[in-house]
Amino acid sequence: MFSLLVNISANAIWAQNGVAVAGGSGGGDATNQLNSPRGLFVGDDQTVVIADFGNNRIMQLKNGDTTNGLIVAGGNGQGSGLNQLNSPTDVLIDKETDSLIICDGGNQRVVRWSRRSGTTKGEILISNIDCHALAMDEQRYLYVSDWKNDEVRRYQGCDKIGILVAGGNGRGTGLNQLNFPAYLFIDRQQSVYVSEWQNHRVMKWNKGAKEGIVIAGGQGAGSSLTQLNGPLGIIVDTLGALYVADDWNNRVMRWTQGATQGTVIAGGNGQGAGANQFYLVVGLSFDRYSNLYVADYNNHRVQRFSIE
């Protein structure tokens, strides 16, 4: 339900060739296709849910069935009805309520859809928010990044206003500022990790902090091992290592705690559609076995890289 805390060995390596577990047959709206996938989440039963951005729907794949996905939210055309989504950018599974929580970006809202069969519409949790991504902590607080207001807020229960936990000081490069906060991860101490798409860095905001700490990038846009270029999806493991989708560099990087540069663990072989390539990389998730799942945006697929 919350940001999955994975135990990964410090010297772990992953297969360099990924396997498409969803999409990969060109962009489209058939149940075996995706159209520009963005956020994704792997549940502890290996169920994969994907924000199928271009198709205005959430897709679900169960138990390694890569041939046919199931539409579990939206899929009724682009719109603002309760049975519709508009360019969803992120999704997570809330096990406690057996529901999906979705960042319905084009509708400027966060919605919840029950996972029970027969569900045909969602309910609005938060309105009038330019949300980009979601995360949940172990206390079931919900965190939402607002890319237009350059802030991250934490919500509890029926709270519609939220508490500011990162940014909120205007757009900029200061340690108390954000510039297009994208994806989020929350650790057991309620520290907020946030990727900044336009500051080309990942920040860690300790609980209650008034400013963040740069833990990856922050050296301007570039492709060296000290740089990021449009970072998006992020995960932190139990050793404090950060995994980041380095969007425009078409690679996934690992930054160990305190490191000044990262290592490439997937991609980094130029832009392309090969099994070892990406064409813009967005969402990241690990399963319980530490296999890596990557939303490969312009290849319209989700790739799984098996841990070796």
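All values below come from the heavy atoms of this structure, side chains included, with hydrogens, waters and symmetry mates left out.
No option in T89, L284, D247 other than D247 meets the side chain to side chain contact (heavy atoms under 4.5 Å, CB included) test with L232. Test I71, L70, L85, L40 against I58 for side chain to side chain contact (heavy atoms under 4.5 Å, CB included) and you get one pass: L85. For the side chain to side chain contact (heavy atoms under 4.5 Å, CB included) with L178, the qualifying choice from N199, V194, D146, T173 is V194, the only one to do so.
The backbone N or O of S80 sits less than 3.5 Å from a side-chain atom of R109, completing a donor-acceptor pair. Without hydrogens or angle criteria, E308 side chain to I13 main chain gives no donor-acceptor distance under 3.5 Å. Looking only at distances, no side-chain donor or acceptor of S87 sits under 3.5 Å from a matching main-chain atom of G106. Under a 3.5 Å cut-off, the side chain of R201 and the backbone N or O of P231 do not form any donor-acceptor pair. Of the possible polar contacts, one joining the N249 side chain to the G222 backbone as a donor-acceptor pair under 3.5 Å is found. Distance alone, capped at 3.5 Å, places no donor-acceptor pair between the D130 side chain and the N149 backbone. N206 places no side-chain N or O within 3.5 Å of a backbone atom of A209 that could act as its donor or acceptor partner.
A donor atom on one side chain and an acceptor atom on the other are not found under 3.5 Å apart for Q277 and N269. In this structure, a donor-acceptor pair under 3.5 Å is present between the side chains of Q78 and N86. A donor-acceptor contact closer than 3.5 angstrom is absent between the side chains of N169 and Q177. Side-chain contact of N7 with T238: a donor-acceptor pair under 3.5 Å is present, judged by distance alone. Remark: the N68 side chain and the T31 side chain contain an N/O donor-acceptor pair separated by less than 3.5 Å. For the residue pair Y279 / N250, no side-chain donor-acceptor distance below 3.5 Å is found, with atom types taken as modelled. Between the side chains of E138 and Q190, no donor-acceptor pair of N or O atoms lies under 3.5 Å.
Cation-pi geometry between R254 and Y243 is not satisfied (NZ or CZ under 6.0 Å from the ring centre, within 45° of the ring normal).
Ring pair F305/F278: centre-to-centre distance below 6.0 Å. A centroid separation of less than 6.0 Å is found between the aromatic rings of W197 and F180.
Nearest heavy-atom pair across D52 and P88 is O-CG, 4.3 Å. Between V21 and L61, the closest heavy-atom pair is O-CD2, 3.3 Å. Among all heavy-atom pairs drawn from G172 and N179, the shortest one is O-CB, 3.9 Å. Considering every non-hydrogen atom in both A182 and S145, the closest pair reads O-OG, 2.7 Å. Among all heavy-atom pairs drawn from I50 and P37, the shortest one is CG2-CB, 3.8 Å.
More than 12 heavy atoms of other residues, nucleotides or ligands lie within 6.0 Å of NZ in K160, so this atom counts as buried by the packing criterion.
Residues Q303 and R301 are in side-chain contact: their nearest non-hydrogen atoms beyond the backbone lie under 4.5 Å apart. Put simply, the side chain of H132 reaches to within 4.5 Å of the side chain of Y183, judged on heavy atoms. Within the 4.5 Å cutoff, the side chain of V42 has no heavy atoms near those of the V49 side chain. Using a 4.5 Å cut-off on side-chain heavy atoms (C-beta onward), I93 and L100 make contact. The side-chain heavy atoms of L134 and L184, taken from C-beta on, include no pair separated by under 4.5 Å. Within the 4.5 Å cutoff, no side-chain heavy atoms of W113 are placed close to those of V72. In this structure, the side chains of R112 and L125 come closer than 4.5 Å at one or more pairs of heavy atoms. Within the 4.5 Å cutoff, the side chain of H300 has heavy atoms near those of the S36 side chain.
A distance of 6.0 Å separates CH2 in W248 from CG in N229, rounded to the nearest 0.5 Å. To the nearest 0.5 Å, atom CG of residue D287 and atom CG of residue L292 are 9.0 Å apart. For the atom pair W14 CH2 and F286 CZ, the distance stands at 4.5 Å (nearest 0.5 Å). Note that CD1 of I307 is 4.5 Å distant from OG of S290, once rounded to the nearest 0.5 Å. Here the CG-NZ distance, from D137 to K207, works out to 8.5 Å after rounding to the nearest 0.5 Å. To the nearest 0.5 Å, the span separating CZ on R140 from OG1 on T97 amounts to 5.5 Å.
Hydrophobic clustering (side-chain heavy atoms under 4.5 Å, transitive across Ile, Leu, Val, Met, Phe, Trp, Tyr) groups L225 together with I265. V252 is not connected to V19 by any chain of hydrophobic side-chain contacts under 4.5 Å among Ile, Leu, Val, Met, Phe, Trp and Tyr, and they are in different clusters. V264 and V202 fall within a single hydrophobic cluster, where Ile, Leu, Val, Met, Phe, Trp and Tyr are joined by side-chain heavy atoms under 4.5 Å apart, directly or via other members. When the side chains of ILVMFWY residues are joined at heavy-atom separations under 4.5 Å, either directly or via intervening members, V111 and L82 end up in a single hydrophobic cluster. Placement of Y193 and L164 in two distinct hydrophobic clusters is found when ILVMFWY residues are connected by side-chain heavy-atom separations under 4.5 Å, directly or transitively.
Salt-bridge annotation for R288 and D45: absent, with no side-chain N of the basic residue lying under 4.0 Å from a carboxylate O of the acidic one. Taking the charged nitrogens against the carboxylate oxygens, E151 and R153 do have a contact shorter than 4.0 Å, which makes a salt bridge.
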Take N276 and Q16, measure what side chain to side chain donor-acceptor pair (under 3.5 Å) needs, and give me the verdict at the end.
CA-CA 6 Å; N276 68 343; Q16 289 307 289; over 6 Å; no

